[in-house]
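This report refers to the structure that appears directly beneath it.
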Amino acid sequence: MKGFIPLQVSDEFKSNYYELFYELSKEAFEAAKKESGAGRFMTKKQCCEFIGISFGHLQKLEKLGLPIIELEGKVLVDREDVIKFVSKYKKIENHI
């Protein structure tokens, strides 16, 4: 490569650099996850967006047994419960 100057660094420097890069990447990922609302517990609005349904449809799923958490006036839905509940309705077709 034209204009390329090789740089020699110690293994300790490399290790520290990779560790710093890893920690910064992990923090950025966690911040993005938090901003997107991708935590385990969701509001009903986030739940609707997560599974791609309307609020009215979510209310129908509640009546069918989708677990809802009510905690001191705050209503939440557990992402894992949603996945389990929706998976019960998965249809598998046999393709012969």
Side-chain angles (χ1 to χ4, degrees):
M1 272 191 205
K2 199 172 191 177
F4 177 73
I5 301 172
L7 179 62
Q8 298 292 326
V9 294
S10 69
D11 288 339
E12 181 182 1
F13 177 86
K14 286 179 191 177
S15 177
N16 289 339
Y17 175 80
Y18 290 134
E19 186 176 328
L20 175 64
F21 183 76
Y22 172 79
E23 289 301 321
L24 290 173
S25 299
K26 186 171 139 183
E27 288 174 17
F29 177 78
E30 291 300 322
K33 187 169 112 174
K34 189 173 185 178
E35 288 176 17
S36 71
R40 178 170 173 181
F41 299 100
M42 307 173 282
T43 63
K44 286 184 173 185
K45 180 180 177 185
Q46 290 169 327
C47 181
C48 290
E49 292 171 0
F50 175 62
I51 54 179
I53 61 172
S54 69
F55 191 80
H57 198 111
L58 180 63
Q59 290 176 316
K60 290 177 185 175
L61 295 182
E62 286 180 60
K63 288 178 184 174
L64 288 173
L66 175 65
I68 300 297
I69 302 164
E70 293 185 31
L71 185 61
E72 295 186 10
K74 182 86 171 169
V75 179
L76 299 172
V77 185
D78 186 333
R79 184 178 302 271
E80 293 177 16
D81 287 342
V82 172
I83 293 169
K84 287 177 190 174
F85 181 82
V86 172
S87 293
K88 290 190 297 189
Y89 294 91
K90 188 184 292 186
K91 294 182 181 181
I92 301 174
E93 296 180 31
N94 291 328
H95 296 285
I96 300 176

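Worth saying up front: this structure is predicted, and the values here are computed from it rather than measured. Along the sequence shown, the residues carry numbers beginning at 1.
In terms of heavy-atom proximity, Q46 sits nearest to M42 at OE1-CA, 3.3 Å. The heavy-atom pair separating D78 from F41 by the smallest distance is OD2-CE2, 3.7 Å. The shortest non-hydrogen separation linking C48 to S54 is SG-O, 3.7 Å.
One finds the SG atom of C47 at 10.0 Å from the CG atom of D81 (value rounded to the nearest 0.5 Å). To the nearest 0.5 Å, the span separating NZ on K45 from CG on L58 amounts to 13.5 Å. Between E19 atom CD and L24 atom CG the span is 10.5 Å, to the nearest 0.5 Å. Separating the CG atom in L76 from the CZ atom in R40 is a distance of 11.5 Å, to the nearest 0.5 Å. The NZ atom of K88 sits 9.0 Å away from the CG atom of L66 when rounded to the nearest 0.5 Å.
Within a 6.0 Å radius of CD in E12, no more than 12 heavy atoms belonging to other residues, nucleotides or ligands are found. Residue K26 qualifies as open at atom NZ: its count of foreign heavy atoms under 6.0 Å is 12 or below. Within a 6.0 Å sphere centred on OH of Y89, other residues, nucleotides and ligands contribute more than 12 heavy atoms.
Looking only at distances, no side-chain donor or acceptor of S15 sits under 3.5 Å from a matching main-chain atom of D11. Side chain of R79 to main chain of G39: a donor-acceptor pair is present (N/O by atom type, distance under 3.5 Å, no hydrogens or angles).
L64 and I68 fall within the same hydrophobic cluster, defined by Ile, Leu, Val, Met, Phe, Trp and Tyr side-chain heavy atoms under 4.5 Å apart, directly or through other members.
Within the 4.5 Å cutoff, the side chain of I51 has no heavy atoms near those of the H57 side chain. No side-chain heavy atom of L61 sits under 4.5 Å from any side-chain heavy atom of V82. No side-chain heavy atom of I69 sits under 4.5 Å from any side-chain heavy atom of V77.
The side chain to side chain donor-acceptor pair (under 3.5 Å) search around E62 returns K44, not counting sequence neighbours. For F13, there are no ring-ring contact (aromatic ring centres under 6.0 Å, His included) partners at least two apart in sequence or on another chain.
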